Protein chains: 2
Amino acid sequence: MMPTIDFWFDFASSYSYPAAMRADALAAAAGVKLNWRPFLLGPIFVAQGWRDSPFNLYPRKGRYMWRDIERICARENLPFKRPDVFPQNSLLAARCALALDAADRSAFARAVFAAEFAKGERIDDPATLAGILAELSLPDSALVRASSDPIKQALRAETDEAQRLELFGAPSFVTQDGELFWGNDRLETAIAWTKAH
Amino acid sequence: MMPTIDFWFDFASSYSYPAAMRADALAAAAGVKLNWRPFLLGPIFVAQGWRDSPFNLYPRKGRYMWRDIERICARENLPFKRPDVFPQNSLLAARCALALDAADRSAFARAVFAAEFAKGERIDDPATLAGILAELSLPDSALVRASSDPIKQALRAETDEAQRLELFGAPSFVTQDGELFWGNDRLETAIAWTKAH
């Protein structure tokens with residue numbers, strides 16, 4: 001059995017973009033399996049008293065974050081285009097990801113992040129998601145199932161689980177022995193921890 | 001001329017401890033000079049609406065931080081003992097650092113951080129700082145000068161400069177071309193940036 005890391009991400013989260021683009025290759029090279037787990041940061045932020053992204057509530061942090069993302073993307077050779085709207089509503093994309101087979105989730109997620117942060121597209125637009133499904137030859141029924149009760153409940157359960165795990169940001173990495181690592185720059189640390197324990 | 005990085009730190013800041021212990025060796029190995037610049041985060045937090053450390057205001061972030069610091073210290077072979085009081089009042093230690101010659105500042109700072117985060121001592125106690133000065137054979141007059149008007153003004157000016165630079169946390173690294181990198185885990189990034197630009 002390959003060791004596993006839960007990779008918790010929100011499609012609205014800027015630092016989840018470089019993490020998503022790097023994660024599978026790094027994990028595979030280390031012989032670690034990633035569980036891609038979309039969740040919603042919104043309810044977690046609200047529980048902390050934040051009604052918006054901390055990057056909007058604290059403009060300095062926001063200016064730093066955009067410059068930092070720009071530098072990270074340049075270093076990783078990832079295209080980057082700052083979206084007009086931030087954060088975007090990630091509800092539909094997250095539901096759509098959960099409506100897919102687990103094996104298809106990472107390719108779909110990378111394409112959604114690229115649409116959002118490389119092309120500046122709206123990911124709350126069903127047309128964007130339908131285009132991604134078509135491009136990846138994934139079943140377009142996922143978009144219909146995304147609005148079904150079981151999928152709505154599945155995303156709620158995942159967000160509840162994120163709350164229970166005390167996640168407070170994204171991306172977050174949770175190892176099998178229950179260690180939490182927060183942030184794109186902790187992906188390597190989470191993998192190294194998993195290999196060493 | 002060696003390229004220079006401004007290393008902004010607050011003696012109260014937990015992540016500034018591993019940064020301070022690692023910084024000089026990493027910078028020297030890369031042929032980079034570090035300017036050790038103590039400042040006060042308090043006024044910067046207050047300007048953002050925080051009357052306490054965010055690690056106390058947001059208990060999840062706090063629990064994560066302590067576990068994270070523990071892991072980082074274990075990895076770096078740094079002793080760690082969680083202090084009873086957090087954050088400690090760093091005013092006197094910061095003034096004392098500024099009262100010393102710039103060349104003596106890093107050794108003094110490392111000893112203060114070790115007293116605080118490795119031994120669990122109070123750094124707002126003049127006796128702790130006097131002991132450190134004696135141990136390092138530094139002039140004990142620094143502690144007297146720490147309460148003089150020029151030094152009080154010097155620390156105020158540094159904290160104003162930190163505000164002007166839009167620092168929002170510590171440690172922060174500012175390169176000669178004006179790039180800001182925030183956090184212990186960005187020390188290597190700041191050094192790499194400096195070498196590449």
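Chain letters run A, B, ... following the sequence lines, proteins first and then strands; every chain starts at 1. Bear in mind the structure is a predicted one, so any value in this text is a computation, not a measurement.
Placement of Leu78(A) and Val112(A) within a single hydrophobic cluster is found when ILVMFWY residues are connected by side-chain heavy-atom separations under 4.5 Å, directly or transitively. Under the 4.5 Å side-chain heavy-atom criterion for ILVMFWY residues, no single connected hydrophobic cluster contains both Leu92(B) and Leu155(B). Residues Phe55(B) and Trp66(B) are members of one and the same hydrophobic cluster, defined by side-chain heavy-atom contacts under 4.5 angstrom among Ile, Leu, Val, Met, Phe, Trp and Tyr. Residues Leu136(B) and Leu98(B) do not share a hydrophobic cluster, clusters being chains of Ile/Leu/Val/Met/Phe/Trp/Tyr side chains in contact below 4.5 Å.
Heavy-atom neighbours of Asp140(A) CG from other residues, nucleotides or ligands within 6.0 Å: at or below the threshold of 12. Around CH2 of Trp193(A), the count of heavy atoms belonging to other residues, nucleotides or ligands within 6.0 Å exceeds 12.
Here Asp68(A) contributes atom CG and Phe181(B) contributes atom CZ; the two are 7.5 Å apart, rounded to the nearest 0.5 Å.
Taking the centre of each ring, Phe168(A) and Tyr64(B) come in below the 6.0 Å mark.
The shortest side-chain heavy-atom distance between Arg71(B) and Thr189(A) does not fall under the 4.5 Å cut-off. In this structure the side chain of Lys61(A) never reaches within 4.5 angstrom of the side chain of Glu166(B), judged on heavy atoms. Under the 4.5 Å side-chain criterion, counting only non-hydrogen atoms from C-beta, Gln48(B) is not in contact with Leu57(A).
Heavy atoms closer than 4.5 Å to chain A are found nowhere in Leu165(B), neither backbone nor side chain.
The candidate from Arg63(A), Arg186(A), Arg75(A) with the greatest count of non-hydrogen atom pairs under 4.5 Å with chain B is Arg186(A).
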